[in-house]
Undergrad: 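Dropping a structure here in structure tokens format, bear with me for questions.
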There are 2 protein chains.
Amino acid sequence: MSADTKERIVFAAMGLFARKGYASTSVADILHDAGVNAGSLYHFFPGKQDVLLAVLDMYLHGIRPMLLQPAWNGVTDPIERVFALLEHYRDYLTRTECTYGCPIGSIALELHEPDPPVRALLAANFDGWISAIETCFIEAGDRLPSDVDRRDLATFALTTMEGGVMLSRTDRTPVAFDRSVRMLRHYIDRLQADR
Amino acid sequence: MSADTKERIVFAAMGLFARKGYASTSVADILHDAGVNAGSLYHFFPGKQDVLLAVLDMYLHGIRPMLLQPAWNGVTDPIERVFALLEHYRDYLTRTECTYGCPIGSIALELHEPDPPVRALLAANFDGWISAIETCFIEAGDRLPSDVDRRDLATFALTTMEGGVMLSRTDRTPVAFDRSVRMLRHYIDRLQADR
DNA sequence: GTCTATAACCCGATAGAC
DNA sequence: GTCTATCGGGTTATAGAC
């Protein structure tokens, strides 16, 4: 089946890129994990980079169903949703003994001069994440001071997460991640206290 | 000259790893930039990874003379020193049109399963950075609330910087970096206001 | 310590039968 | 659409003369 084969390739590549990175994943690795032969992959994709594009596209369209929905299950308070999402990343971090973090962030720093379409999809993924969190802060309404820009605050939450993941992956403990998120929580608590 | 050759190799590799990353830099690249032949490199280093170790070691010992000293030139206030260091990274970012960020952070995310000595040196570099900033916050004394942990705050400053660099490199503009640092500044201003 | 040549290997991508 | 075999090129590292 054609659709199935293509899907298997993308899913296999998604896992491999997250675990080993883009450059360190060979086409042979993808073929092996997908249980597919070279001819099939090159029938659906012009080359390896196009597989990456498909993976980034899947992440982009998966933000709601694959990331936000599970992270926000049962959480309705908009500000708690921000921290529920951060907690979601922490779970992923600890479940993998702090070896895997955010796959988008890893690829973004691994590729030093990505081709324009790759860079555009990386930026779109970050933008989607930020916009989702921005919406939470907007929904928080007057619980936050009116002079605090909601998008700036959402960007800050993402940099806290990405930076925390970076340090925690490096020393294989969630300590730095926890410290950063605790500080972000402290900041947002204070914003709510004296709005 | 032996010492000179070894040094040229390390400096060439330092530049290349920062610009292209570790995996994408070939030994041939290093040889070319250093103006050295393969025999010389393999005379001084068992392999490519050992060149990386030497580079990370140089970064580690260069934190004060190569990073803090120039960033803090003329800045004495401990809290302003924190933001002067962040400004230093912003300068590097904008001077390179947002293509290069923190070389340690890039390598840390690029290598998914680094050998223990590499990981140890990456962690030591982050630790040295955090400790320097922690000292600033300690020197700030009672300008900051006593119940705010100085090391947590220093870790937060590093994650803000690394996350900001990641996003800014991805969309090739310092906007995200500036937003994150502005939020950190806002937080620390508030800590000082109602200590 | 420095040089050149090259070994041994892995990579992405392709050709062409089925 | 799927398979196998393989091409051409780049990789790290080594051998051995000087």
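The sequence lines fix the lettering, A, B, ..., with proteins before strands; numbering per chain opens at 1.
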Undergrad: Figure out the NE2/P separation between A:H43 and C:dG12, and round it to whole Å.
TA: 20 Å
Undergrad: A:S26 side chain: which of C:dT2, D:dT2, C:dG12 is closest?
TA: C:dG12
Undergrad: Mind telling me whether A:F17 and A:Y22 have parallel, tilted or perpendicular rings, with 30° and 60° as the class edges?
TA: perpendicular
Undergrad: Distance check needed: C:dC3 P versus B:F44 CZ, whole Å only.
TA: 11 Å
Undergrad: Students often mix this up, so state it plainly: with edges at 30° and 60°, are the rings of A:Y92 and A:Y100 parallel, tilted or perpendicular?
TA: tilted
Undergrad: If you assign A:D29 and A:P46 each to the DNA chain C nucleotide with the nearest heavy atom, which residue ends up on the more 5' nucleotide?
TA: A:D29
Undergrad: Roughly how many Å is it from CG in A:N37 to C1' in C:dG12, rounded to a whole number?
TA: 16 Å
Undergrad: Testing the basics here: between B:V165 and B:G101, what is the closest heavy-atom pair and its distance to 0.1 Å?
TA: CG1-CA, 3.4 Å
Undergrad: Given atom NZ of A:K20 and atom P of C:dC11, what is their separation to the nearest angstrom?
TA: 8 Å
Undergrad: Where the side chain of A:A38 is defined as all heavy atoms beyond and including C-beta, which of C:dG12, C:dT14, C:dC3 is the nearest nucleotide?
TA: C:dT14
Undergrad: I'd like to know if B:E134 and B:R151 make a salt bridge, using a cut-off of under 4.0 Å between side-chain N and carboxylate O.
TA: yes
Undergrad: Select from B:G39 and A:Q49 the residue whose nearest nucleotide in DNA chain C is closer to the 5' end of that strand.
TA: B:G39
Undergrad: So A:T25, base contact, sugar-phosphate only, or nothing? Heavy-atom distance under 4.0 Å.
TA: sugar-phosphate
Undergrad: Rounded to whole angstroms, how far apart are NE2 on B:H32 and P on D:dT12?
TA: 15 Å
Undergrad: Please pick, from C:dT2, C:dA13, C:dC3, the nucleotide with the shortest atom-to-atom distance to any side-chain atom of A:Y42.
TA: C:dA13
Undergrad: Would you kindly give the CG-to-C1' distance between A:L31 and D:dG1, to the nearest whole Å?
TA: 15 Å
